[in-house]
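Please read the structure below before turning to the comments.
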Amino acid sequence: MSELHFLTATELARLIRARQVSAVEVLQACLDRIEQVNPHVNAIVTLVADRAMEAARAADAALASGGAAGPLHGVPVAHKDLVDTAGIRTTYGSPLFAEHVPDHDDVIVQRLRAAGAVTVGKTNTPEFGTGSHTVNEVFGATRNPYDPTKSAGGSSGGAAVALATGMVPLADGSDMGGSLRNPASFCNVVGLRPTPGRVPDISDINAWYTLGVSGPMARTVEDVTLMLGAIAGFDRRSPYSIKEVFAPEPEQGVAGLRVAWSPDLGGLPVDPRTAAVTATAPAVFERLGARVEQVELDLSDAEDAFRTYRAWNYLLVFGDLHGDTGGLGPNTAWNVEQGRQVTGADLARAERARSRLYQRMAAFFDTYDVLLAPVSQVPPFPIEQPYVSEINGQKLPDYLSWMRSAYWISVLHAPAASVPAGFTEDGLPVGVQIVGRPFEDARVLRVARAFEQATGHGLRRPPL
């Protein structure tokens, strides 16, 4: 109990339900850890300690009176600063919304609260979640807990750092081009991009947009699975919401499963430090009894499809803000301008490309159960660097290009998890990406759990 803040959410929920520890004690341990660590990493940008303590006391009182306990009863959680939280400042990382306080909770917040979780505060994100480096003009940069001179990744960088440092056991995130997976890789935690529709997002602007999803982050696969069970589920306000009830697969290991290994997803440049770490993953699966085969992939159709749909969506969602007083940051503004150039012919070409790719990967997954690949093409980079502009001597054309290993997967409509895979020689975390068939989120988590248990990389704590 000396490190209550580093216990898993699963264990904390069990202890609280058994009344072996109180929700107040758990919350206080997290608040003490936030006070100790957050000034060094800038992960939690809005803290609601008094409100959280009131909720923790209510959770303890409910148990004392024999009330029902949800799966996350009394467990602290932090919400990404893109998620609306009633009565709690939500800035979206933008100066335009620096003092914005929503009057409603997003669905993911509602479901976490219904499961008994206690909201601690909001985690940092780049402006509107734009990019895989967590820095904005409202709160500044979030620092990597394993090396504060390096990026924490993004856009759920604040969430990943809060988890890695023991400030909270659970955090939500979102992912369009890797924003759940990239920071998980950079910070040695677990992030799951669920199948679109598994966790419904409600919108009256872009309700049919499937590249962006919400999902769970935690320090262990078991906790991610627990959290996904709380936030997944059908909602008729989402037109592609999944009706199937999410249920974890039994922990049967991976013996006999067919694992495809792609070290570069079809020719992408990968930093040698990242490549050296991820190259150790196939042997782990072979030792566990899986049949591993290195494959040559052609995911090139994903490039145009992702960029076209992303640009179109940025114009749709943020076009009216572009030009307002204060304006948008350069990355968001660039994406909006890209959207202004998208034509109907562009969208038609992107739809054809994505459809071809989906059918090609459907055939691929007739042969293989999961795909194994790097999450990110590089390890954490210097925090002052806005983005990666070169990999292995190959110049990259813009700030998006270094994220291809994540955003190409986003186009597949498939679940994908980032799981700790080891560390570079200078101690920087690297994750491996496990991609499954669309709708087989439980299979991805089962495979991720087996890898996690066999390696133990996620047990290595940051020096803070």
Side-chain angles (χ1 to χ4, degrees), residues 177-178 181-182 184-185 192-193 195 249 253-306 353-378 391-392 394 401-422 430-452 454-455:
R181 293 162 287 156
N182 167 262
S185 175
L192 174 72
R193 175 188 167 89
T195 300
E249 287 192 353
V254 297
L257 292 186
R258 300 158 299 177
V259 176
W261 159 238
S262 178
D264 58 9
L265 286 175
L268 292 176
V270 179
D271 186 289
R273 294 168 295 172
T274 295
V277 175
T278 56
T280 64
V284 174
F285 284 104
E286 288 175 341
R287 289 198 303 271
L288 294 173
R291 292 177 286 165
V292 181
E293 180 182 342
Q294 185 166 328
V295 296
E296 293 296 328
L297 288 175
D298 179 9
L299 301 183
S300 57
D301 279 331
E303 182 70 15
D304 185 39
F306 179 82
R354 191 180 188 192
S355 297
R356 283 195 306 268
L357 181 59
Y358 187 88
Q359 298 305 331
R360 193 158 65 244
M361 291 306 293
F364 175 87
F365 281 121
D366 283 342
T367 301
Y368 301 102
D369 293 293
V370 293
L371 168 65
L372 192 65
V375 177
S376 302
Q377 294 161 246
V378 296
I391 304 176
N392 295 353
Q394 181 175 324
S401 298
W402 72 275
M403 298 178 268
R404 285 182 172 130
S405 57
Y407 74 64
W408 281 8
I409 298 301
S410 299
V411 180
L412 304 184
H413 206 81
S418 173
V419 186
V430 174
V432 69
Q433 185 167 203
I434 299 170
V435 185
R437 299 182 184 95
F439 311 108
E440 292 193 357
D441 307 61
R443 172 65 54 85
V444 166
L445 290 169
R446 170 186 151 193
V447 173
R449 171 78 166 160
F451 179 80
E452 171 192 69
T455 61

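The first residue of the sequence shown is numbered 1, and numbering continues consecutively from there. Atoms considered below: every heavy atom in the structure, side chains included; atoms not considered: hydrogens, waters and symmetry mates.
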For V411 and A302, which heavy atoms make the closest approach, and how far apart are they? CG2-O, 3.7 Å
Quick one, F364 and L412 - any side-chain contact, counting heavy atoms below 4.5 Å? no
Reported CG-to-CH2 distance for the pair D301 and W408, which is rounded to 0.5 angstrom: 10.0 Å
Here the gap from S418 atom OG to I409 atom CD1, rounded to the nearest 0.5 Å, amounts to 12.0 Å
In this structure, CZ of R449 is separated from CD of E249 (nearest 0.5 Å) by 14.0 Å
Any donor and acceptor pair, going by atom type alone, linking the side chain of N182 with main-chain N or O of V375 inside 3.5 Å? no
Check: Q433/R181 side-chain N/O donor and acceptor closer than 3.5 Å: yes
Got a sec, which residues hit side-chain hydrogen bond (donor to acceptor under 3.5 Å, both in side chains) with E293, two or more places apart in sequence or on another chain? Y368
Any residue meeting salt bridge (Lys or Arg N to Asp or Glu O under 4.0 Å) with D369, in chain and number order, not counting sequence neighbours: R258, R437, R443
If you round to the nearest 0.5 Å, how far is CG of L445 from CD of E452? 10.0 Å
If the plane angle is over 60° it's perpendicular, under 30° parallel, otherwise tilted; pick one for F285 and F451. parallel
Backbone N or O of P415 within a donor-acceptor pair of the E440 side chain at under 3.5 Å? no
When every non-hydrogen atom of S405 is compared with those of P374, the smallest separation belongs to CB-O, 4.0 Å
Using the rule given for side chain to side chain contact (heavy atoms under 4.5 Å, CB included), can you reason through V419 versus I434, listing the C-alpha separation, both sets of side-chain angles and the distance that settles it, and then say yes or no? CA-CA 8 Å; V419 186; I434 299 170; 4.2 Å; yes
Assess the residue pair S410 and R193 against the criterion (side chain to side chain contact (heavy atoms under 4.5 Å, CB included)); give the C-alpha distance rounded to whole Å, side-chain angles, the decisive distance to 0.1 Å, and a yes or no. CA-CA 8 Å; S410 299; R193 175 188 167 89; 3.6 Å; yes
What's the separation between atom CG in D304 and atom CG in L357, rounded to the nearest 0.5 Å? 11.5 Å
Would you confirm whether R291, through its side chain, and L257, through its main-chain N or O, come within 3.5 Å as a donor-acceptor pair? no
Would a 4.5 Å heavy-atom cut-off, applied to side chains only, mark I391 and V270 as touching? no
Are there more than 12 heavy atoms of other residues, nucleotides or ligands under 6.0 Å from atom CD of E296? no
Please report the closest heavy-atom contact between A421 and T280, naming both atoms and the distance. O-OG1, 4.1 Å
Which pair of non-hydrogen atoms, one from V444 and one from A417, has the smallest distance, and what is that distance? CG1-CB, 3.7 Å
If you look at every heavy atom in G177 and A406, which pair is closest and at what distance? O-CB, 3.2 Å
Side-chain contact test, heavy atoms from C-beta onward, threshold under 4.5 Å: evaluate it for L371 versus V259 and give yes or no. no
Output yes when a side-chain donor or acceptor of N392 lies under 3.5 Å from a complementary backbone atom of Q394, and no otherwise. no
Exercise: identify the closest heavy-atom pair between W261 and L372: CE3-O, 3.3 Å
Can you check side chain to side chain contact (heavy atoms under 4.5 Å, CB included) on Y407 and E303, steps first, answer last? CA-CA 8 Å; Y407 74 64; E303 182 70 15; 2.9 Å; yes
Do R404 and S401 make a side-chain contact, defined as non-hydrogen atoms from C-beta onward lying under 4.5 Å apart? yes
Under 30°, 30 to 60°, or over 60°: which ring-plane class applies to H413 and Y358, parallel, tilted or perpendicular? perpendicular
Let me confirm one number: the CG-CG distance from L265 to D298, rounded to the nearest 0.5 Å. 11.5 Å
